[in-house]
Amino acid sequence: MAQQPGQDRPYGRQGQRMRLETVAGWVACLGVMALIGVTHASQPPNGRVWVDDDGTMHINSNNRVEVTGSNVIVNGMDVVRALKAILEANPSSTWQAPTARILSASSMSVSSVYAADLDNDGRMDVLSADAGSSTVAWYRNIGDGSFSAQIIINTNADGAVSVYAADLDNDGDLDVLSASSTDDKIAWYRNNGDGAFSAQIVISNSAHGAIDVYAADLDNDGDLDVLSASHYDDKIAWYRNIGDGAFSAQLIISTAADSPRSLYAADLDGDGDLDVLSASANDDKIAWYRNNGNGAFSAQIVISTAVDGAIDVYAADLDGDGDLDVLSAGHNDYTIAWHRNNGDGTFSDRIPIATDAQSATAVYAADLDGDGRLDVLSASEADNKIAWYHNNQDATFSSPLVLTTSANSAFSVFAADLNGDGMLDVLSAARASNTVAWYPNNGKWAPWADYVESM
């Protein structure tokens, strides 16, 4: 953990290191011999190292060592393929987590984090919602990965559990949204410019047990509407943006999600408008609601009822086929999984990514290693863990690469470039330790993938 960002890491466990160095040693030795002592001949010369007309290297050919193009064969074993398999099967052998950087340890029960440029200076600031102190707050990014002390936006969001940023009044800066469960409130805070915010503006206090909030243009009129999930009344609902910072009364999409915990908006059927996703804990359900246009939605369409204690949902193109797949987190079965979009409005059964995220709380997708593919992030509270899973490009993911096991009751995870180096860093909220923290990405989070792809 003492290693600073930018440093390379030696291989991990001793056994893995020996295996890697043994195979790598074969490749290096054979390469040297190819440079300094190889004779080209149509027939075997008197020497013990030679290359035939096909370009195959023979080293004491009775022992079956051959190099053909980029392949190295030793007694029938493809050494390059073996090295690839070892690296891919043991990604943690070349991975070391960065040291966590704490933004705040003064929260009482921080439940949600988000990153957005709130003061229009080109840097990503951090937002948090704290249920224990009913506080919505932000941390100004002052450059070079440094942040200000907590700046309070409001302390009247009783049981604040979710926070989001979006330009709700179309004035060019990002406003803040909150959901608070104790006062059943969905509210927003107008950005007055330069990081100053208005008093709380209530959109609704009819979201009983408000648990999640999101913004998206659901009626295609060019401004951002608001979505909410409330777990005591089983509502997935939205509020039409009618302009000038005003919103309609609550418009119910569905009450068929038993104790919804999360929602998201994405174009799942490729028709150009944004559909809605939900995760609901009591019925173990991931579901979606087709946007029929002009803000009208279909009845609930079930994707899965096998996500035990479904607590979070997200959409992203994980297999690179051009449509959006669905990610889910199962709190009770410790499972992070994805559901492949079949391209016709249907989804596959869940495909587990990990089954050891103990009491999973959050899931997210972002390209963390800069290879053009979306990786997966998770938070889990029983093991205090923030982890990520490398996208292997073949619709599979690596084993967990653990960022920390010290996020006590980890509850939220997000990715954003917080230090302006072009790489996505990771942001987390931990309820029991009352901390907002981030983990710098030094651009070397998947060195084994670089080795494999260069072979």
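Atoms considered below: every heavy atom in the structure, side chains included; atoms not considered: hydrogens, waters and symmetry mates.
The ring pair (Phe, Tyr, Trp, His ring centres under 6.0 Å) test with Tyr364 is passed by exactly one of Tyr114, Tyr264, Tyr314: Tyr314. Here the rule is side chain to side chain contact (heavy atoms under 4.5 Å, CB included) with Val163, and of Ser180, Ser412, Ser112, Ser128 only Ser112 fits it.
When all heavy atoms of Ala316 and Leu374 are compared, the pair lying nearest together is CB-CD1, 3.7 Å. What you find for Asp367 and Leu424 is that their closest heavy atoms are O-CD1, 3.8 Å. A pairwise comparison of heavy atoms in Asn391 and Asp371 identifies O-OD2, 4.2 Å as the closest pair. When every heavy atom of Ile336 is checked against every heavy atom of Ala357, the shortest pair comes out as CG1-CB, 3.9 Å.
Distance alone, capped at 3.5 Å, is enough to place a donor-acceptor pair between the Ser254 side chain and the Ala256 backbone. Between the Asp225 side chain and the Asn241 main chain, a donor and an acceptor come within less than 3.5 Å of each other. When atom types are taken as modelled, the side chain of Asn384 and the backbone of Ser409 share a donor-acceptor pair closer than 3.5 angstrom. Proximity of a side-chain donor or acceptor of Ser181 to a complementary backbone N or O of Gly209 within less than 3.5 Å is not detected. For the pair Asn342 (side chain) and Asp344 (backbone), a donor-acceptor distance under 3.5 Å is absent. The closest donor-acceptor contact from the side chain of Asp130 to the backbone of Thr135 lies at 3.5 Å or more, if one exists at all. Judged by distance alone, the side chain of Ser280 and the main-chain N or O of Pro260 form no donor-acceptor pair under 3.5 Å. Side-chain atoms of Asp144 never come within 3.5 Å of backbone atoms of Ser146 as a donor-acceptor pair (strictly under, hydrogens ignored). Using a distance-only test at 3.5 Å, with no hydrogens or angles considered, no donor-acceptor pair links the side chain of Arg431 to the main chain of Ser111. A distance-only check finds a donor-acceptor pair linking the side chain of Asp425 to the backbone of Leu418 [under 3.5 Å].
Donor-acceptor pairing under 3.5 Å is lacking for the side chains of Ser359 and Tyr334.
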Item to complete: Report the C-alpha distance between His339 and Ser304 in whole Å, list the side-chain angles of each, state the deciding distance to 0.1 Å, and finish with yes or no for side-chain hydrogen bond (donor to acceptor under 3.5 Å, both in side chains).
Response: CA-CA 9 Å; His339 313 257; Ser304 178; 4.8 Å; no
Item to complete: Please step through side-chain hydrogen bond (donor to acceptor under 3.5 Å, both in side chains) for the pair Tyr189 and Ser178, ending with a clear verdict.
Response: CA-CA 8 Å; Tyr189 313 85; Ser178 69; 2.9 Å; yes
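Salt bridge status for Arg123 with Asp117: absent, with no side-chain N to carboxylate O gap under 4.0 Å. The pair Lys185-Asp158 fails the salt-bridge criterion, with no side-chain N (NZ, NE, NH1 or NH2) lying under 4.0 Å from an Asp/Glu carboxylate O.
Atom CG of Asp349 is surrounded by 12 or fewer heavy atoms from other residues, nucleotides or ligands within 6.0 Å.
In this structure, Trp445 and Trp388 have tilted ring planes: the angle between them lies in the 30° to 60° band.
Rounding to the nearest 0.5 Å gives a distance of 15.5 Å between OH of Tyr164 and CH2 of Trp188.
Pairs engaging residues 204-213 under the side chain to side chain donor-acceptor pair (under 3.5 Å) rule: Ser162-Asp212, Asp184-His208 [sequence neighbours left out].
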